[in-house]
Amino acid sequence: MVVGLGPRRRWKGVLVWVMALSMFLEVCQSQSIASKLKVKLKKQGAASASSSSLKEENGEWTFAWWEHTLQDVSTLTTTSFAGILLTLVMIGAATTVFLESKTEEDGILMDGLVANESLQKVEIGFEDIQITLKQKKQKEDRLILDGSIRGKALPGRMLAIMGPSGSGKSSLLHALGGKLKADAKITARGLRYVNGEAISGDSMIPAAFIEQDVNFFPHMTVKETLDFRVELKMGRKLTKDARDDLVQDLMEQLSLTKSANTIVGNAKIRGISGGEKKRLSIACEMIDSPPVIFLDEPTSGLDSYQAAQVVETMRALANSGKTVISVIHQPSQHIFAMFDDLLLLSEGKQMYFGEVGNVRSYIDGLGYSADSDTGTAEYVLESISGTILQEGTKSIADEGRAQSKSLVITESEPGSKKKVHHIMSKASRPASGLIRQFKILLNRSFHEVLRGKGAIVIKLVQQVTLGMIYGGIYSLGNNQASIQDRIGLISLIAIGTMNLACGATIRSFPKEKAIVTGEMGSNLYSTFPYFLAKAISEIPLIGVFSSVFGAIIYPLAGLQKGRFKQFLGFNTLHSIASEAVGLLIGSISANSDIAIALFPPIIVLNVIFDGKNISEESTPRLLKWIPKFGLVRWGFEGMALNEFSGLTFETSGPRRGPVAKTGEEALERFGLVGNSLRTVVNAQMTIISVCWLLSFMGLSLTGQKYEVMLEPENLIAGQK
């Protein structure tokens, strides 16, 4: 066991961070030099314009100097942008290496313990579990679990956690598995044991945890979903043939062979059944064969046949030596009889812990009898739900507390806790390297994008419809009225492109984020390779949609001939920048509702500061930074500069303001002078880079965090 490996990897992360910071400072210095050159260029231009006595040869020299200086500025700007991109890549890599090295350093001993034979069969013990929800001022805190919860889950046996709705079943399950979501209002206390040894409050038990609602990428088949996870988890350990055999074994073990080539689907896309999806979620967690399995209401939403299939699968896993702990809601008598042990809860209190076969006689012994025709599961739930007598429920709770105190949870010595604290402190890092993760994730992203035929068709229809509407309304000529028409059309294109690209990403990305957050929480992969693959996979279709729109609008509206390729380039770049903003909003939003709520004000701000609705001088001081990052402004300005460059206009016909003979004069009329096409490109690329960086940071910082279980208050008081 090489304990020093973690610190060495951490120093690599620190070194890359230092290099990234140095690169960033160099970029800033380059930008400063570029700004100074631009100022000098403007002064030189003013001086040369004021001098009328320059000789011809001096005029030629001045022109050459201008061209040389412009080349220097362009080179510096391009270098600066390349530096920005390189800085983003290095920062992402540094963050990933640093976080993985920390996880590896803390988790090395745990990995060694998992490989040890002593953890092939795991006994989970727990006692004094208490979860408190802090209420608002002048209200007493609510006890979700009252601290009376004690019990054991043994290898080869299934423990059912049952109770009426709101009794704290799921909260207990998540607390035992270390998966209770962090919340400032929640406080969790209690002790947990693995094979009789106490573990720390931040320990992650080596277990599979199957949530009640598990989401998958809808367009991937069952086999592809398993292949993806096996490749990431076991890619370094197994050969290709061995990985294929493992996937086949998992599908056979969980009765998924018939649906192997069926897409998983979701609420809108028809796919596998609910029971098959539950079994698929179990298969995904059983790839590395963990010794413990936690399941949160695995039969909810299923019919009796599918529910029985899922529980039979759980029974088979328990028979193979696994420790199975499951919350079960209103089971049939057939399903109830498959469990070995039972923990009953009601209003956060423990009512019973013991074997399933003894629960009926236990309740009968307390003076509550039922007809022989009533199933045990139904009878037990009625007894503890207060439907018989409220006082009766209280007496059952009192007996349950007395019964739990007689349970022997552990016989370990007090000094063993510190030892296991280091062994079980953290989960292991992703099994695959960054490059392998990126390749696998990029392949999945491309498949998901290309297989979403419904979304592709809708977006194509949108582009075709907009192109025909704009092209049917606008017919551009070379008279003075066409100047205003061109400005109006280009402005509409910039706003419409942003609306479609940004809006589509805002609506879809939060749903995908919910899936990948769970996958990253399971250490399948890191944030950086995922985000890089996601950003790259969207670009090809953006280019296709922009080409379709451009091919329709350009000839119909009569835009300038010979500038079509440049128009496509600027429109595509504008779409990518808009999508990058959508990714940023989606990455920092908790759900799609919040993301959609943020979209209208962002649209309004971009339209206001688009370069022609408000002058730079009239912009409020606190908002002067917005035009520099305005999506509509740079998209509009780039397409306007491209369209008007080289145009000449007739002076006859109806006029709209001062006569403009050339495109440059028309641009000057609307205040669009002073920037070049290269400036627009650099501004758009800067927006993309900054949004990608902030999106990456948002995904990294908003990852799921879990509550640390504190020691029980009675134990703390005893230590004092």
Side-chain angles (χ1 to χ4, degrees), residues 6 9-10 12-14 16-21 23-24 84-85 87-107 174 178-186 202 204 211 215 425-430 434 437-438 441 445 502 505-506 508-536 579-599 602 629 686-708:
R9 286 182 60 87
R10 180 176 292 185
K12 290 181 182 178
V14 174
V16 179
W17 263 107
V18 171
M19 294 172 62
L21 181 60
M23 177 70 71
F24 180 73
I84 291 172
L85 286 182
T87 302
L88 295 180
V89 173
M90 293 178 71
I91 288 176
T95 304
T96 305
V97 170
F98 185 82
L99 292 176
E100 288 185 0
S101 65
K102 185 180 188 304
T103 307
E104 181 179 0
E105 180 183 359
D106 292 336
H174 285 78
K179 296 283 188 178
L180 191 63
K181 293 182 179 179
D183 190 327
K185 297 181 180 180
I186 293 287
D202 61 347
M204 301 292 288
E211 296 282 2
N215 296 315
S425 59
K426 296 289 180 181
S428 61
R429 65 185 179 87
L434 289 177
Q437 292 175 43
F438 172 71
L441 290 165
S445 296
C502 190
T505 306
I506 285 176
S508 63
F509 184 64
K511 300 174 184 176
E512 181 175 329
K513 179 186 171 184
I515 301 174
V516 302
T517 300
E519 292 178 341
M520 288 188 289
S522 300
N523 288 306
L524 273 180
Y525 49 81
S526 303
T527 307
F528 180 63
Y530 160 73
F531 185 78
L532 195 60
K534 168 68 178 176
I536 292 175
E579 193 213 20
V581 172
L583 281 175
L584 174 58
I585 297 171
S587 65
I588 63 175
S589 301
N591 51 58
S592 58
D593 292 335
I594 295 176
I596 292 173
L598 292 174
F599 184 46
I602 289 175
F629 295 95
T686 301
I687 292 173
I688 295 171
S689 302
V690 171
C691 287
W692 280 359
L693 174 60
L694 294 178
S695 300
F696 164 71
M697 294 175 64
L699 281 176
S700 300
L701 297 176
T702 57
Q704 188 60 62
K705 297 178 178 61
Y706 301 106
E707 284 289 332
V708 175

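Count residues from 1 along the sequence.
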Counterpart residues, side-chain hydrogen bond (donor to acceptor under 3.5 Å, both in side chains), relative to Glu707 (two or more places apart)
none
Heavy-atom neighbours of Lys181 NZ exceed 12 at 6.0 Å:
no
Phe696 vs Phe531 aromatic rings, parallel, tilted or perpendicular, using cut-offs 30° and 60°?
tilted
Spatial distance of atom OG (Ser526) from atom CG (Leu699) [nearest 0.5 Å]
12.5 Å
Tyr525 OH to Phe438 CZ distance, which is reported to the nearest 0.5 Å
14.0 Å
Quick one: closest heavy-atom pair of Ala580 and Trp692, and the distance?
CB-NE1, 3.7 Å
When the side chains of residues 591-598 are checked against the rest of the protein, which donor-acceptor pairs come out under 3.5 Å, sequence neighbours left out?
residue : atom : partner : partner atom : Å
Asn591  : OD1  : Asp593  : N            : 3.1
Asn591  : OD1  : Ile594  : N            : 3.0

With Glu211, which residues qualify under salt bridge (Lys or Arg N to Asp or Glu O under 4.0 Å), at least two apart?
none
Is there a side-chain contact between Tyr530 and Glu512, using heavy atoms and a 4.5 Å cut-off?
yes
State, to 0.1 Å, how close Lys534 and Phe509 come at their nearest heavy-atom pair, and which atoms those are.
CE-CD1, 3.9 Å
Please report the closest heavy-atom contact between Lys513 and Ser589, naming both atoms and the distance.
NZ-O, 2.9 Å
Between CD on residue Glu519 and CG on residue Asn215, distance to nearest 0.5 Å:
10.5 Å
Shortest non-hydrogen contact between Leu583 and Ser695, atoms and distance:
C-OG, 3.5 Å
Mind checking the CD1-CE spacing from Ile588 to Met697? Nearest 0.5 Å is all I need.
11.5 Å
Between Val581 and Cys691, the two heavy atoms sitting closest are CG2-SG, 3.7 Å
Between the CG atom in Leu584 and the CD1 atom in Ile687, the distance rounded to the nearest 0.5 Å is 11.5 Å
Can you tell me how far the CD1 atom of Ile585 sits from the SG atom of Cys502, to the nearest 0.5 Å?
4.5 Å
